[in-house]
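Only heavy atoms go into these numbers, but all of them, side chains included; no hydrogens, no water, no symmetry mates. Throughout, protein chains are lettered first and strands after them, A, B, ... in sequence-line order, and every chain is numbered starting at 1.
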Amino acid sequence: MTTPTPALACTGLTKRYGALVANDAVDFELLPGEIHVLLGENGAGKSTLMNMLYGMSAPDAGEIRREGWTVTLGTPTDAIALGIGMVHQHFMLVPVFTVTENVMLGAEVTRAGGVLERRKVADELRALSARYGLEIDPDARVDTLSVGQQQRVEIVKALYRKARVLILDEPTAVLTPQEADALFGVMRDLRAEGVSIVFITHKLREVLAVADRITVMRGGRIVGATTPSETDEAGLATLMVGRDVSLRVEKRVAAPGPDVLVLENVCVEDHRGIEVVQDLSLRVRAGEILGIAGVQGNGQTELVEVVTGLRRAARGRLTLLGDDVTRATPGHLLDAGVAHVPEDRHRHALIMGWSIADNLVLGRHDRPPFARFGLRRFAAVAENARRLFAAFDIRGSGPEATCQSLSGGNQQKVVLARALSGTVRLLVANQPTRGVDVGAIEQLHREIVAARDAGAAVLLVSAELDEILGLADRIVVMYRGRVVSEVDAGAATRPALGLAMAGGVGAQGV
Amino acid sequence: MERRRLLFIAAIISVLVGVAAFVGSARVPPLQIIASMLSTTLAVATPLTLGALCGVWCERAGVVNIGIEGTMLTSAFFGWTAATALATFTAAPAGLCLLGGVGAAVVSAMLVGLLLSVLAVTFRVDQIIAGVVVDLFAVGVTGFLNRQMMFEHGGLFGGVAPQSAGVMPHVRIPLLADLPVVGPIFDQQPIAFAGLLLVALTHFVLFFTRFGLRVRAAGEHPRAAATVGIDVRAVRHRSVLIGSAIAGLGGAYFTLESVPSFEPLMTNGRGFIALAAMIFGNWTPLGALGAALLFGSAQALQINLQFFREAIPESLSFLQQSSIVGLLPYVLTMVVLTGVVGRTTAPAADGNPDDGRG
Ligand SMILES: Nc1ncnc2c1ncn2[C@@H]1O[C@H](COP(=O)(O)OP(=O)(O)O)[C@@H](O)[C@H]1O
Ligand SMILES: [Mg+2]
């Protein structure tokens, strides 16, 4: 049997960032009309590889072939001209532009004098979206669209440019399970039309659902190639991480105690004054993990900010261990035993240029044992770092190294270690394992469960349904700033939660 | 522009025109004062409009330009120098000398713009620093050259009496200029008219053409522009050059349209007020025009009050202090920038050196 000429292929592709080899002599083949999954942990080098295949960055060595012909991709324009389209991990859409403007940008249709033919392009988009079942409104402004809709715009943008090779970089990271399923349907339709697709993900379940072939990357290299029929989730996980990992969290049944955090009719406004949390009531008890599921941007961020004192509730009441903390400051809450693992560790948790040891005492740096009479006590800081390095298995070149030098997983261990090193009554963990490798996730999850078992109340916010299902004892789903569903973890099912996350009917009856 | 801001601008202008008419009514018929106020407002708003348009072009592409003041000062100087040199050393008619002056003003402004865009776009220097460099550079260069040329031995005009080319002639728009009350508005000098035309042109190009779409994409999400094959740097360079050329026309206003002479520091902060007009105008050409007229009316009040200072009633004697009225444009600037008249939104990538490369 002869194999067909690959639609897109590369050999020996290498990319270095300083001393880091992000792609090390990568060979990759995309056959015509296949869905090819590229699987790998965060930082494995998947985006780096695809950026080179899309002309976004220049390889240091190696060769790229399109339908057998060696090509040089200097800029995305070259790739677009060769029928290669890419939907980036972070959407490349101008929020204040309409769908039509976004799609036509860079490939504008104009009449004399460079005047835009918006109407004409909008009509073309309607035809295109009807043909592929990608429902979009060409005249809508992109910032009014949901994430799923924005993704459709990105795909239409590539199809409008007549892409025959479509690269999708972690497209499902921001989707509800239903939206993800809809995307898979679109991918299959496109495949039927002869489009070749590279689908990047680190979610094992999706790989098996949609792949024709699978290539696995680790540490900048290709470490394996397989097909769904030859493997299963465990096999893929082992290949991806390089050792056996446990995908299930080991935990005992929760033994909830008294209420720790109670929210009554809380309303929160965002920076634009729009009410993003509406009339929300919930409670978290000692010794239980309350999981808040929901697609990003449904008010979770603001809710966490209110609970940790970073934002004032517009209305409603918060109580912590019976005390009214509606107007408490972050410092006060910290002293009262509220530990916080923020959503964005770079912006809100760590000072990247400081040492790990200093980051580990941040927030308590000004009091005994870490300071006395306004002077810092370095011996205590170093001792604290030694203890936490061992307890949390932080892997880096040592406590005096900067946080910058750590991998994402180890940075997150530093954040969690600091949060849990005081007396913790309430742990607020927002996306605690985002952008973290599978190996580190396992350990972060163990630590969160350990905090629960030690009697802390845990408020866990996550967009990863697997994380919620694996960790939480009770689950609430947030949609458009409201709790639309509340269930015991034992009774929760993935489809029902997914439906509630999408604001679907029957949400109450999960 | 949103209603609220439009109403605010209309209200303030009406009040200031009303004050002038009331105060001067003892000496001059109110209708005449109103006409004069409106006409002066449009005239003195010219450099603000043009400066603000420069800001719109630059910042819509993502380059913060606080060097507008320096750009206008430089072009005011070179425009005047060129026009005066032509008048002194050639037999060209005054109109041609002035035209040459405008050309020199625009070219010198574009060179200053090039300095800014090379620093800010090519070398990705902090844009505030780059703008400050332009402003300081302009003050130094114009002050130094002015001294050299006028007073030093062997300077351009050393030994000869410089021949002034005068200022731009007034242009009456037929019919409209004969209307009662509003007639004087249509009797203006060419740069003032050019300002209005450029507002319309900028609006059209930014919002209806391919180039405009790319400029705005570069200022909102440069990475998105880069991923569809747009050369963000090239777009930004062009945008800054276009804006600077327009600011050059604003500089020419000072020495070729307002008064026929150059003085060090004569732009007197107008470039910064133009920046405020751009912000208050929400980074749109039409909004910038509205805001420029607002500030212009405050300045027009100061100018008109000087004509009938003695006529000011005892009870309003504080208005005789021209310095108090002179503060008005700056006070207004501060008021509108506090956001009490509605918040504005800058282009998302304004000041962000990211151009989607490497
Ligand atoms: N522009 C860059 N500069 C420096 N390092 C980079 C850059 N882009 C990616 N890297 C590094 O290259 C490695 C691979 O990154 P990436 O390709 O984004 O991984 P993935 O997409 O598989 O998560 C990571 O260690 C990342 O930090
Ligand atoms: Mg990636």
Side-chain angles (χ1 to χ4, degrees), chain A residues 15 17 50-51 54-58 73-82 84-98 100-118 121 141-143 150 153-154 157-158 160-161 163 167 169 271-273, chain B residues 1-2 4 56-57 59-62 200-236 238-239 242 282-284 287 339-340 342-350 352 354-358:
Chain A
K15 180 76 189 180
Y17 290 113
M50 291 306 137
N51 283 338
Y54 185 64
M56 286 285 285
S57 68
L73 304 171
T75 65
T77 316
D78 298 337
I80 293 165
L82 288 167
I84 302 170
M86 178 160 173
V87 175
H88 296 264
Q89 190 166 0
H90 306 284
F91 292 156
M92 293 295 169
L93 297 172
V94 181
V96 299
F97 281 11
T98 64
T100 304
E101 288 169 334
N102 266 293
V103 172
M104 80 196 302
L105 182 67
E108 299 87 349
V109 178
T110 58
R111 51 173 184 269
V115 179
L116 299 172
E117 293 268 30
R118 289 194 173 90
V121 176
R141 245 173 71 146
V142 161
D143 56 5
Q150 292 187 24
V153 176
E154 283 279 29
K157 203 165 119 184
Y160 179 78
R161 289 166 168 73
I167 301 168
D169 195 353
H271 61 281
R272 296 163 301 180
Chain B
M1 199 175 11
E2 56 184 286
R4 188 164 163 203
V56 168
W57 273 105
E59 303 210 356
R60 279 288 182 164
L201 198 64
T202 300
H203 179 79
F204 177 76
V205 173
L206 272 184
F207 298 109
F208 294 95
T209 70
R210 165 174 31 205
F211 181 62
L213 190 73
R214 293 181 173 197
V215 167
R216 290 187 291 134
E220 292 286 348
H221 197 331
R223 216 152 256 276
T227 55
V228 290
I230 292 172
D231 185 344
V232 173
R233 281 191 195 187
V235 169
R236 287 182 171 169
R238 271 176 232 166
S239 227
I242 292 172
N282 208 5
W283 284 266
T284 64
V340 289
R343 292 239 161 253
T344 56
T345 331
D350 200 3
N352 178 356
D354 185 5
D355 52 22
R357 292 196 195 184

Q: Under 4.5 Å heavy-atom distance to chain B, tell me which part of A:H90 shows up: side chain, backbone, both or neither.
A: neither
Q) Side chain, backbone, both or neither: which part of B:F207 has an atom under 4.5 Å from a heavy atom of chain A? A) backbone
(Q) What part of A:S57 gets within 4.5 angstrom of chain B, counting heavy atoms only: side chain, backbone, both, or neither? (A) neither
**Q.** Engaged part of A:V115 at the chain B interface, taking heavy atoms whose separation is under 4.5 Å
**A.** both
**Q.** A:L105, part contacting chain B, at a heavy-atom distance under 4.5 Å
**A.** both
Q: Would you mind telling me which of B:T209, B:V205, B:D231, B:I230 has the largest number of heavy-atom pairs within less than 4.5 Å of chain A?
A: B:T209
(Q) Contact between A:M92 and B:V228 at the side-chain level, heavy atoms closer than 4.5 Å - yes or no? (A) no
Q.
For A:R118, which atoms come within 4.5 Å of any heavy atom of chain B: side chain, backbone, both, or neither?
A. side chain
(Q) Can you tell me which portion of A:Y54 sits under 4.5 Å from chain B's heavy atoms? Options are side chain, backbone, both or neither. (A) side chain
Q.
Are the side chains of A:V94 and B:R216 in contact, using a 4.5 Å heavy-atom criterion?
A. no
**Q.** B:A348, part contacting chain A, at a heavy-atom distance under 4.5 Å
**A.** neither
Q: Side-chain contact test, heavy atoms from C-beta onward, threshold under 4.5 Å: evaluate it for A:M56 versus B:T227 and give yes or no.
A: yes
Q.
Looking only at heavy atoms and a cut-off of under 4.5 Å, which of A:K157, A:M104, A:E108 has the most pairs with chain B?
A. A:E108
Q) Can you name the closest pair of heavy atoms from B:G229 and A:P76 and give their distance? A) N-CB, 4.2 Å
